[in-house]
S.K.: 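Have a look at this one.
Ligands are counted one by one from 1 in listed order, and the atoms in each one are counted from 1 as well. Both backbone and side-chain heavy atoms feed into the values below; hydrogens, waters and symmetry mates do not.
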Amino acid sequence: MKEIKHYINGQYVGSANGKLFDNVNPVNGKVIAKVHEAGRDEVDAAVKAARAALKGPWGKMTLDERTRILHKVADGINDRFDEFLEAECLDTGKPKSMASHIDIPRGAANFKVFADMVKNVAAESFEMATPDGSGALNYAVRRPKGVIGVISPWNLPLLLMTWKVGPALACGNTVVVKPSEETPTTTALLGEVMKEAGVPDGVYNVVHGFGGDSAGAFLTAHPDVDGFTFTGETSTGEVIMKAAAKGIRDISLELGGKNAGLVFADCDMDKAIEGTMRSAFVNCGQVCLGTERVYVERSIFDEFVSRLKAEAEKLRIGPPDDDKANFGPLVSLKHREKVLSYYQKAVDDGATVVTGGGVPDMPEEYAGGAWVQPTIWTGLPDDSAVITDEIFGPCCHIRPFDSEEEAIELANSLPYGLASAIWTENVSRAHRVAGQIEAGIIWVNSWFLRDLRTPFGGSKQSGIGREGGVHSLEFYTEMKNVCIKL
Ligand SMILES: NC(=O)c1ccc[n+]([C@@H]2O[C@H](COP(=O)([O-])OP(=O)(O)OC[C@H]3O[C@@H](n4cnc5c(N)ncnc54)[C@H](O)[C@@H]3O)[C@@H](O)[C@H]2O)c1
Ligand SMILES: O=C/C=C/C=C(\O)C(=O)O
C-alpha cells in the first residue's frame, strides 16, 4: 500500500512514532494510502528546517531569482497536471471536470500571481520637516515575516494550500504546512515539484496528521513559528487564535460562512438559476462561499423554486472519471453523517423538501461512498439550525422576501460574514444592496468569479484579515520604517 510521508528539509520522512492513518477514497470507502502522523518531533524538525532555510540560500536570493523559481513551481504543477488531478480526485471524489478547471489550474496560478505581485508593489516614503530645517526622509521596506504555519482544509486542498504558500514564499518566508488529514496527497506531491524547481531544502515543509492533540496542535504550539494562516471552521479558528496568542504571533483566518443569495424580481432569471445552482451544489456544496440561504422576491418565488428544482434534478451523480458526472460524493462518511443530520433536522423543523433529502441509490461498487442527494428546502423558520448553521453540504433553503430592506436584514441576520451573491439587473439596487451586506466578498450577477488581486476574506465570525493581492503582502511581510535625518 502507498505511504504518504512528511516532507521535511527536502526529504520525505516517516514518523518516528510509527503511527499511520488511513487515507480513504470517498467514492467507495476504500483505503488508498497510509499516511504518517507527525508527532512533536517531526513538527519540531520541520520548524527547525524552515528556520534554518530562512538564513540559508533562500534568504540570500535576489527577488528575481526567488520569483523565477516560483514560476518554475507553477510550471511544474502544470507539467504534472494529470498526476495532481488524479491525486486530488482520489482524495476528494470531486468530478475531474471541476478539478481540472478550478483546483489544479489555481494551484499553479497562486504561485505565478504572487511571484509577479511582489515584484510590482512599491513601498511608501514620506519626507518630513524637522525643527532645525534639515528635514528627514522616511521609507518603508518589507521583510519576510519568518516561518509561517499553514493549516489548510479538505474542500479545495491544493487551491487553498497554495493560496497561502504562494504569497508566503513570494514574500521570502519559509513554511510548514499541515494539510487536512482527509486530503494529504497533493500537498505531499508538491514537495517533489518544489525540489525539481530548485526551491532550497527547508523552505517548503509538510507534516501530516490531525488537528487537536496531533500535528495541527503541535504546530500551533511550537514557539518558533512566527505566524499562522488558517482556512477552516470558525470553531477551529478560535482554537488556533488562542494558540497563536502565546508569544504574540500573527494570524490570518479564513473561516466558515452561511452565505446568502439574494434574488430580486428584476434579475435575469436564467443567470440567477445558473449561478445559484453552482453556488449551492458545486463541489457537492463544500465551498465556503456557497449559498445555503437563498432569499427570493415573492413575485418570482414559485418560478425560481421550480426551476432550481428542475436543474438540481438534472445533476449527474458519479465518480471523478465519469465524464458526464458533475456531482461527486462528500469528502467522508463522517461528514455525510453531519450533513444527513441536518437533512433530518430540516424535516423535524417542518421543511418542505423540494428535492433530495437523502442518500442516492448507487451501484454496488460505490455503495461504501459518501454520496448524498442535492437538496432544496422551503418553509423553515428563520431560527432553525438548518438556517443558522453552516452545513457545508449540497443543500439550500429558499425563502421569500417582500422588500429590499427585508432581504438585506435577512442576509445580515447571522454572525457570519463571508460572501453574498446578489441577482438583479438594476444597477442602482446592485450597488445599494452590495454596500449594505455585512460580508467580505459580494458578487453581483455572478458567483466565485475570482481576480487574485482583490481582497479576499470574511467579516464577523468568518475571519480575520484579508488575503489576495497586496493584502497577502500585508500578512506575509513585516513592514519596517527607516527614518533618516538629513
Ligand atoms: N473562508 C474561507 O476562505 C474558507 C475556505 C474553505 C473552507 N472554509 C471553511 O472550512 C471548513 C471546512 O474545512 P475543514 O472541515 O477541513 O475545517 P477544520 O477546521 O475542521 O480543519 C481545517 C484544518 O485545521 C486542522 N485542525 C483542526 N483542529 C485543529 C487544532 N485544534 N489545531 C490545529 N489545527 C487544527 C485540520 O486538521 C485541518 O487541517 C468549513 O467551515 C468552511 O467554511 C473556509
Ligand atoms: O471554499 C472556499 C473557497 C475559497 C476560495 C479561495 O480562497 C480562493 O478562490 O482564493
Side-chain angles (χ1 to χ4, degrees), residues 21 35 37-38 43 92 102-103 105-107 109-110 113-114 149-164 166-167 177-184 187 206-222 225 228-244 251-259 279 282-290 292 330-332 334-335 338 389-393 416-419 439-441 447-469 471-472:
F21 62 94
V35 189
E37 182 182 350
V43 172
T92 59
I102 299 180
D103 301 60
R106 266 294 302 279
N110 286 336
V113 166
F114 290 104
V150 177
I151 301 179
S152 49
W154 45 257
N155 59 326
L156 302 163
L158 182 72
L159 187 161
L160 289 172
M161 181 267 296
T162 54
W163 170 241
K164 293 164 178 307
V177 184
K178 210 298 282 171
S180 169
E181 56 275 25
E182 305 283 0
T183 53
T187 305
V206 181
V207 289
H208 298 288
F210 301 87
D213 199 28
S214 182
F218 302 155
L219 182 58
T220 55
H222 199 294
V225 181
F228 297 97
T229 176
F230 168 76
T231 298
E233 286 184 17
T234 295
S235 57
T236 314
E238 286 180 356
V239 175
I240 288 175
M241 204 170 164
K242 276 187 202 146
I251 43 161
S252 172
L253 302 178
E254 297 186 345
L255 307 177
K258 184 75 177 181
N259 312 300
S279 71
V282 86
N283 209 35
C284 202
Q286 302 163 120
V287 181
C288 58
L289 310 158
E292 290 186 355
L330 291 168
V331 75
S332 66
K334 185 170 153 233
H335 187 49
K338 173 182 163 187
D389 295 357
E390 180 187 51
I391 301 171
F392 222 53
Y416 292 112
L418 186 56
I441 304 150
W447 178 78
F448 207 176
L449 187 56
R450 293 280 288 114
D451 181 328
L452 306 191
R453 297 168 299 183
T454 59
F456 183 93
S459 57
K460 302 204 270 187
Q461 292 182 23
S462 291
I464 292 187
R466 294 291 181 272
E467 298 199 34
H471 310 281
S472 293

S.K.: With distance as the sole test, does Thr162 use its side chain to make a donor-acceptor pair with the main-chain N or O of Leu159 at under 3.5 Å?
M.R.: yes
S.K.: Tell me which protein heavy atom sits closest to atom 28 (N) of ligand 1, plus the residue, atom name and distance to 0.1 Å.
M.R.: Thr236 CG2, 3.3 Å
S.K.: Just jot down the ligand 2 atoms closer than 4.0 angstrom to any heavy atom of Arg450, in number order.
M.R.: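 Those qualifying, in numeric order: 8 (C), 9 (O), 10 (O).
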S.K.: Going by heavy-atom distance to atom 23 (C) of ligand 1, choose the closest among Ala243, Ser180, Ser152.
M.R.: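 Considering heavy atoms of Ala243, Ser180, Ser152, the nearest to atom 23 (C) of ligand 1 sits in Ser152.
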S.K.: With only distance considered, is Cys288 within less than 3.5 Å of ligand 2 through an N or O on each side?
M.R.: yes
S.K.: Determine, considering heavy atoms only, which of Lys178, Lys334, Met161 sits nearest to atom 37 (O) of ligand 1.
M.R.: Lys178
S.K.: Can you check whether Asn155 has an N/O within less than 3.5 Å of an N/O in ligand 2?
M.R.: yes
S.K.: Would you mind telling me if ligand 1 is within reach of the side chain of Phe210, the backbone, both or neither, using heavy atoms under 4.0 Å?
M.R.: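 Contact part for Phe210 vs ligand 1: backbone (N, CA, C, O).
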S.K.: As an exercise, identify every atom of ligand 2 less than 4.0 angstrom from a heavy atom of Arg106.
M.R.: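 Counting from 1, the qualifying ligand atoms are 8 (C), 9 (O), 10 (O).
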S.K.: Between Ser235 and ligand 1, which residue portion shows a heavy-atom distance shorter than 4.0 Å: side chain, backbone, both, or neither?
M.R.: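 Ser235 to ligand 1: no contact under 4.0 Å from either part.
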S.K.: Checking Gln286 side chain against Val331 main chain: does a donor-acceptor pair fall under 3.5 Å?
M.R.: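 Such a contact is found between Gln286 side chain and Val331 backbone.
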S.K.: For the NZ atom on Lys338, are there more than 12 heavy atoms of other groups (residues, nucleotides or ligands in this structure) within a distance under 6.0 Å?
M.R.: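 Yes - once you tally the heavy atoms of other residues, nucleotides and ligands closer than 6.0 Å, there are more than 12.
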S.K.: Does ligand 1 have a heavy atom under 4.0 Å from the side chain of Leu156, from its backbone, from both, or from neither?
M.R.: neither
S.K.: Kindly compute the distance separating CG (Leu452) from OG (Ser472), expressed to the nearest 0.5 Å.
M.R.: 9.0 Å
S.K.: Are the side chain of Asp451 and the backbone N or O of Arg453 linked by a donor-acceptor pair below 3.5 Å?
M.R.: yes
S.K.: With sequence neighbours left out, write down each residue that passes ring pair (Phe, Tyr, Trp, His ring centres under 6.0 Å) with Phe218, or none if nothing qualifies.
M.R.: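 For Phe218 there are no ring pair (Phe, Tyr, Trp, His ring centres under 6.0 Å) partners, ignoring immediate neighbours.
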S.K.: In terms of residue, atom name and distance, what is the protein heavy atom nearest to atom 6 (C) of ligand 2?
M.R.: Phe456 CZ, 3.5 Å
S.K.: Relative to the heavy atoms of Leu418, which atoms of ligand 1 are at a distance of less than 4.0 Å?
M.R.: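 Checking each atom against Leu418, I get 1 (N).
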S.K.: Regarding atom 36 (C) of ligand 1: of the candidates Lys258, Glu181, Lys338, which has the closest heavy atom?
M.R.: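 Considering heavy atoms of Lys258, Glu181, Lys338, the nearest to atom 36 (C) of ligand 1 sits in Glu181.
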S.K.: Side chain or backbone of Val287 under 4.0 Å from ligand 1, or both, or neither, by non-hydrogen atoms?
M.R.: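 The answer is neither.
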S.K.: Which residue owns the protein heavy atom closest to atom 40 (C) of ligand 1, what's the atom, and how far is it?
M.R.: Glu390 OE1, 3.3 Å
S.K.: What are the atoms of ligand 2, with element, lying closer than 4.0 Å to any heavy atom of Leu160?
M.R.: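 The list of qualifying atoms is 4 (C), 5 (C), 6 (C), 7 (O).
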S.K.: Under 4.0 Å from atom 21 (O) of ligand 1, is there any protein heavy atom?
M.R.: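 Neighbour list for atom 21 (O) of ligand 1 is empty of protein heavy atoms (cut-off 4.0 Å).
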S.K.: Are any of the side-chain nitrogens in Lys258 or Glu292 under 4.0 Å away from the carboxylate oxygens of its partner?
M.R.: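 Yes, Lys258 and Glu292 are salt-bridged.
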S.K.: Considering non-hydrogen atoms only, spot the tightest contact between Leu289 and Ala419 and give its length.
M.R.: CD2-CB, 4.0 Å
S.K.: Of Glu233, His335, Glu254, which has the heavy atom at the shortest distance from atom 17 (O) of ligand 1?
M.R.: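 Answer by nearest heavy atom: Glu233.
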S.K.: Give a yes/no on ligand 1: does Ala217 have at least one heavy atom closer than 4.0 angstrom to it?
M.R.: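 Heavy atoms of Ala217 do come under 4.0 Å of ligand 1.
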S.K.: Answer with side chain, backbone, both or neither: which part of Leu219 has a heavy atom less than 4.0 angstrom from an atom of ligand 1?
M.R.: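 No part of Leu219 comes within reach of ligand 1.
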S.K.: Select one of side chain, backbone, both or neither to describe which atoms of Ser214 lie under 4.0 Å from any atom of ligand 1, heavy atoms only.
M.R.: neither
S.K.: Excluding sequence neighbours, so at least two apart, what forms ring pair (Phe, Tyr, Trp, His ring centres under 6.0 Å) with His471?
M.R.: none
S.K.: Once you restrict to heavy atoms under 4.0 Å, what part of Val239 touches ligand 1? Side chain, backbone, both or neither.
M.R.: side chain
